[in-house]
Q: 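Here it is, the structure in full.
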Amino acid sequence: MLGKYIGQLVELVYMDRAGHITQRQIRINSVRGGKIRASAGKEGAPRTFLEQGILAWRPVLHKEGKEEIC
């Protein structure tokens, strides 16, 4: 699903195990075994997301309408 976006910014809507829903931008580092390892926030804090918790996602686009690429 998100494997083709490794190294890119993606915006996602995520529901955690407690049922809290958040919307955030992450930079995907790897996708493996149903887990997405990413950098989140301005600090680039490492985070892990479960694929099953992703409710919606989209690549983050530049003003020109092109995907953000590292």
Side-chain angles (χ1 to χ4, degrees):
M1 168 165 115
L2 291 170
K4 76 176 198 174
Y5 295 101
I6 292 173
Q8 297 181 36
L9 273 178
V10 173
E11 184 172 9
L12 59 81
V13 178
Y14 185 76
M15 183 168 57
D16 66 16
R17 292 180 186 177
H20 299 107
I21 297 174
T22 59
Q23 182 174 352
R24 62 184 73 217
Q25 287 186 0
I26 63 170
R27 184 166 310 275
I28 298 175
N29 298 325
S30 68
V31 178
R32 186 173 178 193
K35 294 182 181 180
I36 295 137
R37 298 200 190 275
S39 304
K42 293 182 181 182
E43 311 83 37
R47 298 287 310 266
T48 300
F49 300 92
L50 298 176
E51 275 188 312
Q52 67 192 30
I54 296 174
L55 304 176
W57 63 273
R58 66 181 180 143
V60 174
L61 304 177
H62 284 293
K63 293 179 186 175
E64 302 85 31
K66 296 181 181 176
E67 294 176 4
E68 161 85 19
I69 299 174
C70 295

Q: Test: ring pair (Phe, Tyr, Trp, His ring centres under 6.0 Å). Region: residues 18-46. Which pairs qualify, not counting sequence neighbours?
A: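 Pairs touching residues 18-46 that pass the test: none.
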Q: Restricting to salt bridge (charged side-chain N to carboxylate O under 4.0 Å, His left out), what partner residues turn up for R58, sequence neighbours left out?
A: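 With neighbours one apart ignored, the set is E11.
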Q: Among residues at least two apart in sequence or on other chains, which ones pass side chain to side chain donor-acceptor pair (under 3.5 Å) with S30?
A: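 S30 satisfies side chain to side chain donor-acceptor pair (under 3.5 Å) with no residue once adjacent residues are dropped.
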Q: Can you measure from CD1 (I26) to CG (L12) and round to the nearest 0.5 angstrom?
A: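 Going from CD1 on I26 over to CG on L12, the span is 4.5 Å.
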Q: I'd like a table of donor-acceptor pairs (distance under 3.5 Å, sequence neighbours excluded) in which one partner is a side-chain atom from residues 39-57, with atom names and distances.
A:
residue: S39; atom: OG; partner: N29; partner atom: ND2; Å: 3.1
residue: T48; atom: OG1; partner: R37; partner atom: NH1; Å: 3.0

Q: Please name the pair of heavy atoms, one in V31 and one in I6, separated by the smallest distance, quoted to 0.1 Å.
A: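 Minimum heavy-atom separation between V31 and I6: N-CD1, 4.3 Å.
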